[in-house]
Number of protein chains: 2
Amino acid sequence: MEYLEAKEKFIGTWGSLGSLWGINKAMAQIQALLFISTKPLSMEDIMEDLKISRGNTSMNLRQLMDWGIVTKVLVSGERKEFFTTEKDVQELTRIIAKERSRREIQPVIKVLDDVSSIKDDGTDKTKELIKQTKALHDLSVNADAMLNKLVTQKQNWLTKSIIKLLK
Amino acid sequence: MEYLEAKEKFIGTWGSLGSLWGINKAMAQIQALLFISTKPLSMEDIMEDLKISRGNTSMNLRQLMDWGIVTKVLVSGERKEFFTTEKDVQELTRIIAKERSRREIQPVIKVLDDVSSIKDDGTDKTKELIKQTKALHDLSVNADAMLNKLVTQKQNWLTKSIIKLLK
DNA sequence: TTAAACTTTCAATAATTACTGAAAGTTTAA
DNA sequence: TTAAACTTTCAGTAATTATTGAAAGTTTAA
């Protein structure tokens, strides 16, 4: 396999994986492209490489920046803006985990808390709703706490954690 | 909040969370409905409750069964089929994690392995592609191993794991 | 200033994904 | 058998989501 084929395979796969996990294809592909690029890329570069429109590029770069995954960099002597992504996979994972927790898990925990706190009217179905949503609530809180714990340790969290768990 | 409102809030939230994570709404909602139901439900029950068509119900139940999350149960004296979901949240998580690993993570690991194994032609961009995809590969392998490890311990994996990690 | 170089926004459109409903298929009781 | 009770399939359609491209907005160099 040559460079170009490998590059396209990587970017394509990353895009599909994104879709599978609720991240849009262009967004995932832009990140993948920056991830393997040796230098920051301009909007023009990205558009040309991925063959997507200016608007699409602009919107998805913005989202990636909102997530904290991509940053603007100034290239001296250049008027236009350039972009890079976080290059360290561990740091990248930390950012994504933290954001998904904040945006998606926390709000669900709140709902589960509300729902599992309704008044027990003595009926079976109410009891079941309370029991099951409480179980889900507790699991979510624990899993989220664990994820944060894992991911808050800057250095080698994954390796360290695996070692601990294997003991 | 009364039972019905709480129930609808739970099912609705679960559906939205599903969409956010690449699981279709109807599928997530059927699972949610079964999860808080005190007894197995028929296709008719599900259709009526969620106001979705027969075809949709059938297709999504099938998918849930493929995932191993929902099972058919025979109710004696009844001709039609009834369905339940795994009621234990830990077991449910185990099943989902295992399936997502098998269906989605393993294939990506394979691609990352292929891509990071291309011949180093000495150029910077090839070196970068190899380096970055290798890092991603290693992270994925580790994270996947950890997930499997966590999730393979039947009893209270989450609690146990948190205790270990907090040490 | 101003005008060129660049970025963002957003209405229109395309692409994708989900859903319906009815026909075809299957199972079971008599 | 057969026909009623049920489930699955799938072509057509609807709903959702992503993308385009051009106009509007912004920045900067002269």
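The structure displayed is predicted, hence computed values, not measured ones. Residue numbers begin at 1 in each chain, while the letters A, B, ... track the order of the sequences.
- Judged by distance alone, with hydrogens and angles left aside, the side-chain atoms of B:T93 form a donor-acceptor pair with the main-chain N or O of B:V89 at under 3.5 Å.
- Annotation: proximity of residues 9-26 of chain B to DNA chain C (heavy atom, distance under 4.0 Å) is found for B:N24, B:A26, numbered in ascending order.
- With a 3.5 Å limit on both pairing distances and Watson-Crick or G-U wobble geometry required, the stems of 3 or more pairs in DNA chain D span C:1-30 with D:1-30.
- A donor-acceptor pair under 3.5 Å links the side-chain atoms of B:S140 to the main chain of B:L136, judged by distance alone.
- Under the 3.5 Å distance criterion, with hydrogens and angles disregarded, a donor-acceptor pair is assigned to the side chains of A:Q31 and A:T85.
- Taking the centre and axis of the six-membered ring of B:W21, the NZ or CZ atom of B:R100 falls outside the cone set by 45° and 6.0 Å.
- Look at NZ on A:K80: it is 5 Å from P on C:dC6, rounded to the nearest Å.
- Sorted by residue number, the members of residues 41-74 of chain A with any non-hydrogen atom under 4.0 Å from DNA chain C read A:M43, A:R54, A:G55, A:S58, A:M59, A:R62.
- Atom P of nucleotide D:dA4 and atom CZ of B:R79 are separated by 11 Å, given to the nearest angstrom.
- Under the 4.5 Å side-chain criterion, counting only non-hydrogen atoms from C-beta, B:K25 is not in contact with B:S16.
- Taking the ring axis of B:W67 as reference, the NZ or CZ atom of B:R62 does not stay both within 45° of it and closer than 6.0 Å to the ring centre.
- With rounding to whole Å, B:M27 atom CE is found 16 Å from C:dC19 atom C1'.
- When the shell of 6.0 Å around NZ of A:K87 is examined, it contains more than 12 heavy atoms from other residues, nucleotides or ligands.
- Between B:K134 and B:D138 no salt bridge is recorded (no basic side-chain N to carboxylate O distance below 4.0 Å).
- For the pair A:S37 (side chain) and A:P40 (backbone), a donor-acceptor distance under 3.5 Å is absent.
- The main-chain N or O of A:S42 is found under 3.5 Å from a side-chain atom of A:D45 such that the two form a donor-acceptor pair.
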